[in-house]
Amino acid sequence: MIVETPIDLELTQLSGQTSQPPWYEVDGTFSNVVDVKGNSVIFNVKQSGDFLDFTYSGDASDKQAIDKLSYIFDLDFDLDKFYRYLGNHAELAEIPEFCSGLRLFLADDPFECIISSICSANNSIKRWTKSICQIKENWGDRFGNYYTFPKSNDLLKVYLDDEGEFNSSDIQDISMCTNNLKSCGVGYRAPYMRRASEMFTDEIDLHEIFKMCYDEAFETILEVPGVGPKVADCILLYGFNFREAFPSDVWIKRIVSHLYFEGKDISVAKVREFGMEEFGKNAGYVQLYMFHYARMSGLMKKLK
DNA sequence: TCGCAGGTAGAAC
DNA sequence: GTTCTACCTGCG
């Protein structure tokens with residue numbers, strides 16, 4: 001099937017958004033298993049020019065499949081209109097030429113996004129991505145070559161570390177204990193992930209968060225250990241489609257400071273307030289574009 | 001080798 | 001309220 005829409009699929013896939021690791025890529029075709037109305041459906045997506053060419057296999061109608069694909073890659077967002085918006089602001093005007101076709105890569109599974117985002121804190125894209133892939137392979141369900149992310153009540157049962165696994169099983173040699181969270185390289189974030197699994201199993205309903213206003217959702221998600229303001233905004237943006245979120249980290253701080261405050265040092269908290277106030281419903285996209293603009297244009301090296 | 005990587009928790013001003 | 005510091009781990 002064909003969807004006609006401007007997008008740079010590879011850029012979108014590899015942009016490090018904490019919704020999920022990139023899909024599995026072979027010769028430009030990106031594939032993964034996705035939930036469609038409770039059924040596991042395998043998608044194969046390829047870009048050719050301004051078209052998105054895709055096939056799917058599993059229990060879903062064409063319309064359901066297109067709707068799902070449109071949600072995950074945010075295909076209904078009007079990029080041209082957004083570029084006009086950027087063009088009308090002097091500070092942002094040259095951004096689009098460096099990341100044309102970049103779109104939000106939204107989470108199919110919000111819980112995966114929560115754990116991915118917790119994992120991303122004080123971490124590199126490469127390492128958190130690897131950790132999440134290992135979690136999927138260890139405890140997710142397999143469909144063909146692809147794995148779902150484990151549900152919170154399943155992740156809850158996973159041992160935290162070697163010692164926990166050793167003490168609770170009949171394994172004789174502790175070096176054989178590799179079926180635990182820390183074995184996935186998540187480090188000190190393991191207990192945060194465990195607690196998050198508890199909370200989203202019997203304290204917080206994921207579906208309720210979609211219905212909340214931004215402020216309520218932000219406060220709710222901040223209750224999860226390992227989730228501070230930056231991670232909370234990533235979860236709300238990539239996991240729950242709150243487009244007014246403006247995830248603010250050291251890089252966004254440097255970029256905003258450079259573009260708007262003559263390089264003056266301002267707190268990340270102030271940058272977040274500024275971004276939300278200044279960009280409104282475009283905040284999420286502006287943040288996404290700012291980060292990649294800085295990467296692609298060489299600004300990042302200059303600011304470091 | 002040692003510092004850093006798209007921050008957070010906990011404690012101290 | 002704002003500022004300081006330790007922190008798993010893999011990679012250059």
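Predicted model only: the values in this text are computed from it and were never measured. So you know, we letter chains A, B, ... as the sequences are listed, proteins then strands, and number each from 1.
- The stretch residues 99-116 of chain A has no heavy atom under 4.0 angstrom from DNA chain B at all.
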Watson-Crick and G-U pairing of DNA chain C written in dot-bracket, each distance under 3.5 angstrom, with | for inter-strand partners:
|||||||.||||

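- Shown here are the side chain to side chain donor-acceptor pair (under 3.5 Å) partners of A:D62, two or more places apart in sequence or in another chain: A:Y56.
- Ring pair A:F111/A:F149 is perpendicular by interplanar angle, where above 60° counts as perpendicular and below 30° as parallel.
- For DNA chain B, the residues of residues 249-287 of chain A within the heavy-atom distance limit of 4.0 Å (strictly under) are A:D249, A:V250, A:W251, A:Q287, sorted by number.
- If you walk DNA chain B from 5' to 3' and mark each nucleotide with an atom closer than 4.0 Å to a heavy atom of chain A, the marks span B:dA5 to B:dA9.
- The closest donor-acceptor contact from the side chain of A:Q47 to the backbone of A:G49 lies under 3.5 Å.
- For the pair A:K182 and A:E165, the salt-bridge criterion is not met [side-chain N within less than 4.0 Å of a carboxylate O].
- Straight-line distance between the C1' atoms of B:dT8 and C:dC11: roughly 23 Å, to the nearest whole Å.
- Summary of the strand contacts: A:Y192 and A:F291 both lie near DNA chain B, and taking for each the nucleotide with the nearest heavy atom, the more 5' one is attributed to A:F291.
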Nucleotide by nucleotide, nucleotides 5-10 of chain C touches protein heavy atoms under 4.0 Å in the pattern (B base, S sugar-phosphate only, - none) --BBBS

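- Taking for each of A:V227 and A:C234 the nucleotide of DNA chain B with the nearest heavy atom, the 5'-most of the two is the partner of A:C234.
- Across all strands, A:S15 comes closer than 4.0 Å to base atoms (heavy-atom distances).
- Among residue pairs with one or both ends in residues 260-270 of chain A, those qualifying as salt bridge (Lys or Arg N to Asp or Glu O under 4.0 Å) are A:K253-A:D265; sequence neighbours excluded.
- With 3.5 Å as the limit, one finds no donor-acceptor pair spanning the side chains of A:S131 and A:R189.
- Looking at A:K37 and A:D59, no side-chain N of the basic residue comes within less than 4.0 Å of a carboxylate O on the acidic one, giving no salt bridge.
- The separation of C:dT5 from B:dG6, taken at their P atoms, amounts to 22 Å, rounded to a whole angstrom.
- Remark: A:D80 does not engage A:R84 in a salt bridge, criterion side-chain N to carboxylate O under 4.0 Å.
- By the side chain to side chain donor-acceptor pair (under 3.5 Å) test, A:S48 pairs with no residue at all, sequence neighbours left out.
- Annotation: side chain to side chain donor-acceptor pair (under 3.5 Å) contacts of A:Y293 (sequence neighbours excluded): A:E94.
- Using a 4.0 Å heavy-atom criterion, one finds that A:P225 contacts the sugar-phosphate atoms exclusively.
- Under the 6.0 Å cut-off for aromatic ring centres, A:Y289 and A:F82 qualify, their centroids lying closer than that.
- Note on A:Y238: a base of the nucleic acid sits closer than 4.0 angstrom, heavy atoms only.
- Going from atom CG of A:L75 over to atom CD1 of A:I7 covers 5.5 Å, rounded to the nearest 0.5 Å.
- A:K46 is linked by a salt bridge (charged side-chain N to carboxylate O under 4.0 Å, His left out) to nothing, counting only residues two or more places apart in sequence or in another chain.
- Shown here are the salt bridge (charged side-chain N to carboxylate O under 4.0 Å, His left out) partners of A:R243, two or more places apart in sequence or in another chain: A:D74.
- Side-chain atoms of A:N179 and A:N138 include no donor-acceptor pair closer than 3.5 Å.
- Qualifying side chain to side chain donor-acceptor pair (under 3.5 Å) partners for A:T29, counting only residues two or more places apart in sequence or in other chains: none.
- With P as the reference atom, B:dA11 and C:dC8 are 15 Å apart, rounded to whole Å.
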